[in-house]
Amino acid sequence: MSPIQLVIIDLTKDPIIVELSTCLEKTEESFESFLKDIVHKCGYEEIAKEALADRPKKPRFRDFSFMRTSGAGKNCKKDGEPGKNIITSIIRYVKLNDRYIALTSLLTKSYLYHLVLGDNISNRAILENLEVGRKRIRGLPRTQAGKPYIPSNKSEVSLLPFNISHQFPFIGLAYLDGSMQSSSYMIGVDIVMFDSYKDTLHLYASTDDFLNVFHDSFAAREWDQIQSSSTSGGTDGDSARIKEFFIRWSIKEAYTKALGTGLGTDFQSFDTRLYSKGDTEERQLCTWVLTEKSGTHLRGNVIHSDDKEDEKWDFVFVPLFRECHGDAQPDAPVGCACICVGPKDESNYTSLSQVTQSSSTLKELIDYHIGESTRH
């Protein structure tokens, strides 16, 4: 098994969403009722930032697979204020798609918490109102910069390095498996959709106008490479530049998310240079990193504009495709997930080039917490 794990959830394939969208006329009202029912059945707990007193020295780690659980009972005490707060935080989103994203993200992080720590690590009193097989939904704390983490015995350091990203209809969870627990590596992931800019296209006179908004987010060299992206295979120039822009934006996002600083870091303050196995710098990423479904690995140098030393990171790019029916072949990628892992020690360099990919659904996450999962 490779040390980098990537779980992709495509909400367009989710049976829960299809059922709610096609069977119920008032979809927004049905979603709120649906959400309250989940929280009512499972309960909700916000995990404190402090390390749990009875935490094991090393996390219990299993693969990201849903275990067979006992049948759930019918009665469950209604959750208190924390449950109401999490419901409010999800339904505050105006768009239904954003509500589904928020719920899926919450349950994905909660599952990861159970995956690492198991159900018997924290105080058993918090589980006393749950039927056998049900898992209380866990809300993870966040660092001062807003990055979620599983509390450890170090302040704001996650017990398991992980990161999550989403852009409808995809949610991506990237984490390092048990073999990497003793390392100091950080991990970040960012998902971009190549057509997401079209929602705001009416605000701009041209592709150039759209791209120029982000000019100050890139180092001069990176910007030149976006603007000079060439065409091939009949693809129009604007399409190539848009893809190059989003891929390079995902690199910036994944790197700063790995650091835990996100948009708090000036994107123009560092330059990223990516190299293939032959130490050749890849300048046109849009023609290189979207060719392999299993992912394309590039070694990266992060060069800072201040006096900070250059850093070595691994970058893996996984293309994302729309659902295909029957024997139809997938069209061109509609998006990309960029995973960033590092920083790497030059004296003990280990390439993290392989990614184990798996998929899940919102329904599977719900079934796991309710205690009706049959996947194992």
Side-chain angles (χ1 to χ4, degrees), residues 1-8 63-64 160-165 167 170 172-181 183-194 219 221-222 225-226 229 232 240 243-259 270-303 310-321 330 332-359:
M1 179 184 295
S2 61
I4 304 175
Q5 307 293 310
L6 175 65
V7 183
I8 294 292
D63 294 341
F64 194 97
L160 173 75
F162 78 94
N163 198 227
I164 194 166
S165 179
Q167 188 161 22
F170 294 102
L173 168 69
Y175 63 95
L176 299 178
D177 73 7
S179 66
M180 303 297 294
Q181 292 305 309
S183 74
S184 60
Y185 291 148
M186 297 177 282
I187 187 169
V189 63
D190 189 60
I191 286 179
V192 290
M193 299 293 289
F194 300 141
R221 183 180 157 284
E222 294 170 323
Q225 291 175 352
I226 292 173
S229 296
S232 62
K243 287 183 179 179
E244 189 75 17
F245 159 73
F246 276 115
I247 291 170
R248 291 191 177 276
W249 180 270
S250 72
I251 294 170
K252 297 278 193 178
E253 284 273 15
Y255 169 70
T256 55
K257 288 178 68 180
L259 296 179
F270 63 93
D271 180 12
T272 53
R273 304 186 183 187
L274 276 61
Y275 301 86
S276 59
K277 293 181 179 179
D279 292 329
T280 300
E281 183 180 357
E282 300 301 334
R283 297 181 180 275
Q284 292 187 22
L285 298 180
C286 66
T287 61
W288 178 257
V289 303
L290 301 177
T291 57
E292 297 293 333
K293 291 183 180 180
S294 59
T296 299
H297 167 252
L298 296 177
R299 294 182 296 104
N301 287 348
V302 178
I303 301 171
D310 297 348
E311 301 169 335
K312 294 185 179 298
W313 291 72
D314 279 315
F315 291 86
V316 181
F317 301 87
V318 178
L320 302 174
F321 298 88
V334 296
C336 177
C338 173
I339 304 170
C340 174
V341 181
K344 314 303 289 293
D345 185 353
E346 184 68 26
S347 62
N348 187 26
Y349 185 87
T350 302
S351 176
L352 303 177
S353 60
Q354 299 298 316
V355 175
T356 297
Q357 298 181 46
S358 59
S359 62

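Quick note: numbers below take in every heavy atom, side chains included, and nothing from hydrogens, waters or symmetry partners.
- Side-chain atoms of Val192 and Ser250, non-hydrogen and from C-beta on, do get closer than 4.5 Å to each other.
- From Arg299, atom CZ reaches atom OH of Tyr275 across 8.5 Å, with rounding to the nearest 0.5 Å.
- Side-chain contact between Leu290 and Cys336 is present, with heavy atoms from C-beta onward closer than 4.5 Å.
- Under the 4.5 Å side-chain criterion, counting only non-hydrogen atoms from C-beta, Ile303 is not in contact with Phe270.
- With hydrogens and angles ignored, the 3.5 Å screen pairs no side-chain donor or acceptor of Ser229 with any backbone N or O of Glu244.
- Nearest heavy atom pair, residue Gln284 against residue Thr287, reads O-OG1, 3.0 Å.
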Between Ser165 and Lys257, does a side chain to side chain contact (heavy atoms under 4.5 Å, CB included) hold up when you go through it step by step?
CA-CA 10 Å; Ser165 179; Lys257 288 178 68 180; 3.4 Å; yes
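- With rounding to the nearest 0.5 Å, the separation of CG in Leu320 from CZ in Phe170 is 5.0 Å.
- Atom SG of Cys286 sits about 8.5 Å away from atom CZ of Phe194, to the nearest 0.5 Å.
- With sequence neighbours excluded, no residue forms a side-chain hydrogen bond (donor to acceptor under 3.5 Å, both in side chains) with Asp310.
- Side-chain contact between Val355 and Phe317 is absent, with no heavy-atom pair separated by less than 4.5 Å.
- With sequence neighbours left out, Asp271 forms a salt bridge (charged side-chain N to carboxylate O under 4.0 Å, His left out) with Arg221, Arg273.
- Evaluation of the salt bridge (charged side-chain N to carboxylate O under 4.0 Å, His left out) rule for Lys252 yields Glu222 as partners, not counting sequence neighbours.
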For side chain to side chain contact (heavy atoms under 4.5 Å, CB included), just list the numbers for Ile247 and Val289, CA-CA rounded to whole Å, side-chain angles, deciding distance to a tenth of an Å, and then say yes or no.
CA-CA 9 Å; Ile247 291 170; Val289 303; 3.8 Å; yes
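- With sequence neighbours excluded, the residues that form a side chain to side chain contact (heavy atoms under 4.5 Å, CB included) with Leu259 are Met186, Tyr255, Thr261, Trp313.
- Looking at heavy atoms from C-beta onward, Ile4 lies out of side-chain contact with Tyr175 at the 4.5 angstrom threshold.
- Two residues are said to be in side-chain contact when any heavy atoms from C-beta on lie closer than 4.5 Å; Phe315 and Cys338 meet this criterion.
- The two residues Cys340 and Ala258 have their closest heavy-atom pair at O-CB, 4.2 Å.
- Remark: Lys344 engages Asp314 in a salt bridge, criterion side-chain N to carboxylate O under 4.0 Å.
- In this structure, the side chains of Arg248 and Gln225 come closer than 4.5 Å at one or more pairs of heavy atoms.
- Nearest approach of Gln357 to Gly295, heavy atoms of both residues: NE2-N, 4.1 Å.
- Contact annotation: the side chain of Phe321 never approaches that of Val334 to less than 4.5 Å [non-hydrogen atoms, C-beta and beyond].
- Interatomic distance, Arg283 CZ to Ile226 CD1, rounded to the nearest 0.5 Å: 14.0 Å.
- Taking Glu282 as the reference, Ser276, Thr280, Leu285, Trp288, Leu298 meet the side chain to side chain contact (heavy atoms under 4.5 Å, CB included) condition, with sequence neighbours excluded.
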For side chain to side chain contact (heavy atoms under 4.5 Å, CB included), just list the numbers for Ile251 and Phe246, CA-CA rounded to whole Å, side-chain angles, deciding distance to a tenth of an Å, and then say yes or no.
CA-CA 9 Å; Ile251 294 170; Phe246 276 115; over 6 Å; no
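- The backbone N or O of Met193 sits less than 3.5 Å from a side-chain atom of Gln167, completing a donor-acceptor pair.
- For Ala174, the side chain to side chain contact (heavy atoms under 4.5 Å, CB included) partners are Leu6, Ile187, Val189, Ile339, not counting sequence neighbours.
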